[in-house]
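Worksheet for the structure shown next.
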Amino acid sequence: MVDYKILAEKIIKNVGGKENIQEITHCFTRLRFVLKDESKAQKEIIGKLEGIVTVVLSGGQFQVVIGNKVDKVYKEILNIIGNQNTELADNRKIGIGNLILNKFAAIFTPVIPAIAGSGMLQGILAIAVLIADRNGIDIKTSDTYIILNAAARAVFYFMPIILAYTAAKVFKCNEFIAMIIGGTLCYPDLLKLMTGENPVTLLGIGITKANYASSVIPIIIAVLVLSYVEKFIDRIIPEVIKVIMVPTLAILVMIPATLIIFGPVGIYIGNVTNWAYYQLHAMSPILLGAFIGGMWCVLVIFGAHRAIVPIGIDDVAKTGRQNLLAFAGAANFGQAGAALGVFLKTKNRQLKTVAASGAMTALFGITEPAIYGATLRLKRPLVCGVVFGAIAGGLMGWGGSYGTAFANQGVLTIPVYAVGMKEFVCYIIGCCIAFFGSAISTYIVGFDDIEEEKEDIREDISILSPVEGKVVEVVNSLSGDISDMIVIEPEKGEITAPDNCEVKVIYPNLNAVGVVLNNQEKIELLISVGQNLDNLEGEYFEKYADIGDKLQKGDRILSFDIAKIREKGSDSTVKISIMNNKKYKQTFPMVASGESVEINSEILSVML
């Protein structure tokens, strides 16, 4: 079983350390890093860690694909590095397209679980209504249905408030002022005013009438503008009245601006985007279904699917239905089938395990493990999934399949698409074609199987501190030309065995000891106190071990009087050096200058 804390530590180390992390977020399966210097990241090493599916460089992000346990690793990383979601460095080059995609992903990703849960509830209610109608019962008027339907629809109705919060987190402005703007757009009296027959004015200026409940784009634009307005107001308002006047002025400026300018602009942008999508649908629903069904997983690989996800969310919010994820479901079932074909065909036990896990998770709507773990790396299975996903998507387009909620595409959300006989039958048949067609074709077409790895895969070795104190210097030789060394100012004059080891050397004046750790690699450590202490001739030092002694971790080796050594004007720092570091691939310091360390805390890591 994977230890998520250890995995998090190794990921941090191999992306260049926590100081190289500019930003970290996550989606359903990936850790998404924005690194200050991507050249410091060890992509190959991370990709080989246990629990990692693959590593992808896309959209200005260093993406570590883990699977459905990603949130556990993410939490462990945050525990180690703290909240690193800071603004991108000014000198970092990132395209405007990638920047927009990254921002959209950061805004929508936290909301998707709530949307998925609401979608599942809507699917259950839809089945209940169908069953009740078959028996001549109208359950839509019952109190139970009304309450559960309110729970299922709330996330969409109050979407401006929810997105106001997530957008404020992304654009670095006050979340609660942003939520006031979103709440204003949903306020019942305003909605009644905006949907009435009479013209609406604000300060004598005519307002474009629109129903902003469930809207998406207007609030995102408004919060983006708020982030600049708030900073400007904060600069000009005296410190003594900022706590009152900054939010007051921000609200007074942004509410009119949103209703007069940004709200209508957002509505028009959303309408144009949806119009373009449905124009394609009107031209040929079969072609649109085939394109989404075939290419959705390819878009996922490049992260480009994030650009069209808001279309589906906006559709459900406005009309209570969407067909985007119906077509995307064909792609998911296609990749699940292709991964199953890999499982049945491969002789590689590790690949068989990865493919089985990927097929299972893809059936529940998460395709990255199947794509990166099996189909993409073998190429032909990916093509089989794309071909049969396109065929299935085309059938769904012809049948007019659609869902009544924005629910992740998989076996659990099939009820969402049970809306009509022809539509639902085409959806079910399409899913079967995608799954079984991809599995059978992958098995028949085959692929270049991966040979079993016979090499002994060993973990990195941690070097623990033999002394308690504060790090004053770190010497790390990436070339191996000099010894790697950690210098610690001790708080207690005692040297202990950093691990089970054998004493090989004790200096005559007792200020240094050489030990060999009792691990397979026989790492040689030199632990020395101060320098130029020959004049003391062992005074103020006491040894508790002799050459040849075999010690247990934590056994005392030396003790020394820090105060007396300093009184003599001598150095009392403790230096821990790896003397045979040329044997190893690389060593990494696990501490930085200024950090406090305790006995047995990790100070160095040796890559074998």
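Nothing here was measured: the structure is a model prediction, and the numbers come from that model.
- Taken to the nearest 0.5 Å, the CG atom of D71 stands 10.5 Å off from the CD atom of E76.
- Rounded to the nearest 0.5 Å, atoms OG1 (T258) and CD1 (I251) are 11.5 Å apart.
- Nearest approach of Y427 to M396, heavy atoms of both residues: O-CE, 3.5 Å.
- Within the model, atoms CG of L203 and CD1 of I260 stand 6.5 Å from one another, a figure rounded to the nearest 0.5 Å.
- No more than 12 heavy-atom neighbours from other residues, nucleotides or ligands sit within 6.0 angstrom of CZ on F176.
- Residues V70 and R30 form no side-chain contact, since every pair of their non-hydrogen atoms from C-beta on lies 4.5 Å or further apart.
- For T166, the side-chain contact (heavy atoms from CB on, under 4.5 Å) partners are I107, P110, V111, L163, not counting sequence neighbours.
- L226 places none of its side-chain heavy atoms less than 4.5 Å from the side chain of F171.
- With a 4.5 Å cut-off on side-chain heavy atoms, F62 and I46 count as touching.
- Here the side chain of S438 pairs no donor or acceptor atom with the backbone of G337 at under 3.5 angstrom.
- Judged purely by atom type and a 3.5 angstrom limit, Q61 has no side-chain atom pairing as donor or acceptor with the backbone of Q63.
- The side-chain heavy atoms of V34 and I24, taken from C-beta on, include no pair separated by under 4.5 Å.
- Counted within 6.0 Å of NZ on K5, heavy atoms from surrounding residues, nucleotides or ligands total 12 or fewer; the atom is thus considered open.
- C186 places none of its side-chain heavy atoms less than 4.5 Å from the side chain of M159.
- Nearest heavy atom pair, residue A164 against residue A178, reads CB-O, 3.2 Å.
- A pairwise comparison of heavy atoms in T208 and P264 identifies CB-CG, 3.8 Å as the closest pair.
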**OP:** Run the numbers on V223 and I181 for side chain to side chain contact (heavy atoms under 4.5 Å, CB included), then give the verdict.
**Re:** CA-CA 8 Å; V223 175; I181 299 172; 5.6 Å; no
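- Inter-residue side-chain proximity for I77 and I12 is flagged as met; some heavy-atom pair is nearer than 4.5 Å.
- Between K169 and E175 the shortest heavy-atom distance is CD-OE2, 3.1 Å.
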Check: residues 145-155 side-chain donor-acceptor pairs under 3.5 Å, at least two apart:
{"residue": "R153", "atom": "NH1", "partner": "Q122", "partner atom": "OE1", "Å": "3.4"}

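- Put simply, the side chain of E230 gets close to the backbone of N174: a donor and an acceptor are under 3.5 Å apart.
- Annotation: the span from I66 atom CD1 to I52 atom CD1 amounts to 4.0 Å, rounded to 0.5 Å.
- I219 is not listed as a side-chain neighbour of Y212, based on a closest heavy-atom distance of 4.5 Å or more.
- Under the 3.5 Å distance criterion, the side-chain polar atoms of D37 are matched with a main-chain donor or acceptor of S39.
- Distance check: L363 CG to N332 CG gives 9.0 Å after rounding to the nearest 0.5 Å.
- Of the N and O atoms on the side chains of S401 and E423, not one donor lies less than 3.5 Å from an acceptor on the other residue.
- The main-chain N or O of V15 is never found under 3.5 Å from a side-chain atom of K43 such that the two would form a donor-acceptor pair.
- L259 contributes atom CG, which lies 10.0 Å from atom CE of M254 (distance to the nearest 0.5 angstrom).
- Of all the heavy atoms in G47 and V55, the pair that sits closest is N-CG2, 3.8 Å.
- If you look at Y417 and F424, their ring centroids are not closer than 6.0 Å.
- The closest side-chain heavy-atom distance from N20 to F33 is not below 4.5 Å.
- A donor-acceptor pair under 3.5 Å is formed between the side chain of S227 and the backbone N or O of L224.
- Within 6.0 Å of atom NZ in K422, more than 12 heavy atoms from other residues, nucleotides or ligands are found, so the atom counts as buried in its surroundings.
- For T201 (side chain) and G204 (main-chain N/O), no donor-acceptor pair under 3.5 Å exists by modelled atom type.
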**OP:** For the pair L324 and W296, evaluate side chain to side chain contact (heavy atoms under 4.5 Å, CB included) and give the outcome as yes or no after the intermediate values.
**Re:** CA-CA 10 Å; L324 175 67; W296 181 262; 4.1 Å; yes
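- Across every non-hydrogen atom of E38 and L57, the tightest pair is OE1-CD2, 4.4 Å.
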Run the side-chain donor-acceptor check on residues 240-249: report pairs under 3.5 Å with partners two or more places apart or on a different chain.
{"residue": "K242", "atom": "NZ", "partner": "D234", "partner atom": "O", "Å": "3.1"}
{"residue": "K242", "atom": "NZ", "partner": "E239", "partner atom": "OE1", "Å": "3.2"}
{"residue": "T248", "atom": "OG1", "partner": "I244", "partner atom": "O", "Å": "2.7"}

